[in-house]
Every structure is written in C-alpha cells, then in structure tokens.
Number of protein chains: 2
Amino acid sequence: MTYTAHVIIMPLKELLDPQGKAVMGGLGNLGLGAIKDVRIGKHITLQVEAGNSDEAKSIAEEATKKLLANPVMEQFEVHIAS
Amino acid sequence: MTYTAHVIIMPLKELLDPQGKAVMGGLGNLGLGAIKDVRIGKHITLQVEAGNSDEAKSIAEEATKKLLANPVMEQFEVHIAS
C-alpha cells in the first residue's frame with residue numbers, strides 16, 4: 001500500500017533564521033506588523049510503499065535522516081497521513 | 001493574543017517538481033526505492049498577534065497571498081495551531 005508521509009523540517013529554535021527575518025521585514029513594509037516572527041522551513045511529501053503505517057514512518061524517517069534534514073541546523077517531524 | 005500559524009506551500013500538482021525528482025533519485029541510490037514520489041515545498045510558521053483565531057488566520061492568509069506564495073506555481077494551506 002502507498003502511504004503519504006509529511007516531513008516538516010524547520011531551523012532549530014536556537015539558531016537565527018535569516019530568511020525568516022528578511023520575510024518579516026517585507027511583511028512589515030506591507031503593513032502586516034501584526035506578524036511578530038517568521039520561521040521558514042521545508043515541507044516534503046513522500047509517497048512510500050510499505051506494508052503498514054509504522055513501516056512507512058520508519059522508511060520516511062530513514063530518508064529524512066540520511067538525505068533530507070541536516071541535524072546540525074534543523075529539526076524534523078514525520079507524520080503519516082491517515 | 002499570539003497565535004501560531006502554519007503555512008504550507010507546495011508546488012501545484014500539475015507542475016513538475018525538479019527538486020523533488022532530484023531528491024527521489026538520491027533516495028534510490030541510497031537503497032530507499034520504496035519511496036515512489038517526492039514533492040518539496042515550504043513550511044512557514046508565523047507568530048500572529050490577533051484578537052481571535054479567525055482574525056489570525058485571515059492575517060496569515062493575507063501575508064501568504066501578498067508575499068509568501070506564488071499562485072502561478074504554488075498552492076497553499078493555512079492552519080492556526082490550537
């Protein structure tokens with residue numbers, strides 16, 4: 001069966017996010033000062049062939065650790081869509 | 001009150017996602033052939049000051065339309081975290 005895995009990769013909270021800071025400046029210039037912080041990460045969807053959702057999650061986590069996320073600068077979450 | 005808005009921006013289904021295709025090739029080389037498709041988008045978290053969650057959502061949607069997403073190539077979803 002094919003499962004859809006959503007991988008969310010965000011910069012670690014402890015680190016500056018210069019791209020997010022730049023976007024926040026742009027939003028201020030557009031009159032959207034109600035937005036106080038912006039952080040920009042990646043959202044990756046994977047179509048995983050697996051026997052069950054636990055197996056799909058472990059394949060998606062392996063892919064994230066091996067290729068998608070940089071653990072020095074990023075944290076990630078993996079969710080399997082039901 | 002400050003609400004956390006999650007904005008998910010993905011390439012439109014009708015369009016090729018060359019970055020995703022490149023990652024899929026890399027995963028195949030790593031022995032992760034169980035992953036049949038990869039699509040890569042952005043995940044943006046906004047801290048929004050608003051009176052209620054509907055107002056926070058409309059501010060986040062305005063920001064997404066004005067600055068964050070390109071509707072020619074991307075679709076987006078906005079969720080307010082509870």
Side-chain angles (χ1 to χ4, degrees), chain A residues 1-11 13 17 19-52 55-69 74-81, chain B residues 1-11 13 17 19-52 55-69 74-81:
Chain A
M1 200 180 143
T2 304
Y3 293 87
T4 300
H6 292 271
V7 180
I8 299 166
I9 301 173
M10 298 299 291
K13 285 188 179 53
D17 174 12
Q19 194 185 4
K21 291 282 170 287
V23 166
M24 200 167 68
L27 290 171
N29 294 339
L30 289 169
L32 287 158
I35 295 174
K36 301 301 181 193
D37 193 35
V38 179
R39 291 187 81 81
I40 300 183
K42 280 175 279 190
H43 192 105
I44 302 175
T45 58
L46 306 172
Q47 303 298 322
V48 185
E49 288 245 317
N52 59 55
E55 188 188 335
K57 186 169 183 177
S58 89
I59 291 170
E61 285 179 342
E62 188 185 350
T64 305
K65 286 179 193 160
K66 281 192 178 168
L67 189 66
L68 303 173
E74 294 168 332
Q75 61 188 355
F76 67 88
E77 291 167 36
V78 176
H79 305 280
I80 301 294
Chain B
M1 200 178 143
T2 304
Y3 293 87
T4 300
H6 292 270
V7 180
I8 299 166
I9 301 173
M10 298 300 291
K13 286 190 179 52
D17 174 12
Q19 194 185 3
K21 290 284 170 286
V23 165
M24 201 167 66
L27 290 171
N29 294 339
L30 288 170
L32 287 157
I35 296 173
K36 300 301 180 192
D37 193 37
V38 179
R39 291 187 81 80
I40 300 184
K42 280 176 280 189
H43 192 107
I44 302 175
T45 58
L46 306 172
Q47 302 299 323
V48 186
E49 288 247 318
N52 57 58
E55 189 188 334
K57 187 169 182 177
S58 88
I59 291 170
E61 285 179 344
E62 189 185 349
T64 305
K65 286 179 192 160
K66 281 192 177 169
L67 188 66
L68 303 174
E74 294 168 330
Q75 60 186 354
F76 68 88
E77 291 168 35
V78 176
H79 305 279
I80 302 293

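Just so you know, these numbers come straight off a predicted model, no measurement behind them. Every chain is numbered from 1 and lettered A, B, ... according to where its sequence line falls, protein lines coming before strand lines.
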>> Does any backbone or side-chain atom of A:Ala50 lie under 4.5 Å from a heavy atom of chain B? Answer side chain, backbone, both or neither.
In response: neither

> Quick one: what part of A:Leu32 sits under 4.5 Å from any heavy atom of chain B, side chain, backbone, both or neither?
Replying inline: side chain

> Given a strict heavy-atom distance threshold of 4.5 Å, which part of B:Leu27 is in contact with chain A: side chain, backbone, both, or neither?
Replying inline: both

Using every non-hydrogen atom in the two residues, find where [X] and [Y] come nearest and quote the distance to one decimal.
X: A:Ala69; Y: A:Phe76; value: CB-CD2, 4.0 Å
X: A:Ile80; Y: A:Ala5; value: CD1-CB, 3.7 Å
X: B:Tyr3; Y: B:Gly51; value: OH-O, 3.8 Å

> If you round to the nearest 0.5 Å, how far is NZ of B:Lys13 from CZ of B:Arg39?
Replying inline: 7.5 Å

Pick from [options] with the largest number of heavy-atom pairs that fall under 4.5 Å of chain A:
options: B:Ile40, B:Leu68, B:Leu67; result: B:Leu67
options: B:Lys36, B:Glu49, B:Gln47, B:Lys42; result: B:Gln47
options: B:Met24, B:Met10, B:Lys66; result: B:Met10
options: B:Leu46, B:Val23, B:Val7, B:Asp17; result: B:Leu46

> Would B:Asp37 and B:Lys21 satisfy side-chain contact (heavy atoms from CB on, under 4.5 Å), going step by step from the backbone distance to the final call?
Replying inline: CA-CA 8 Å; B:Asp37 193 37; B:Lys21 290 284 170 286; 3.4 Å; yes

> Is any side-chain heavy atom of A:Glu55 closer than 4.5 Å to a side-chain heavy atom of A:Asn52?
Replying inline: yes

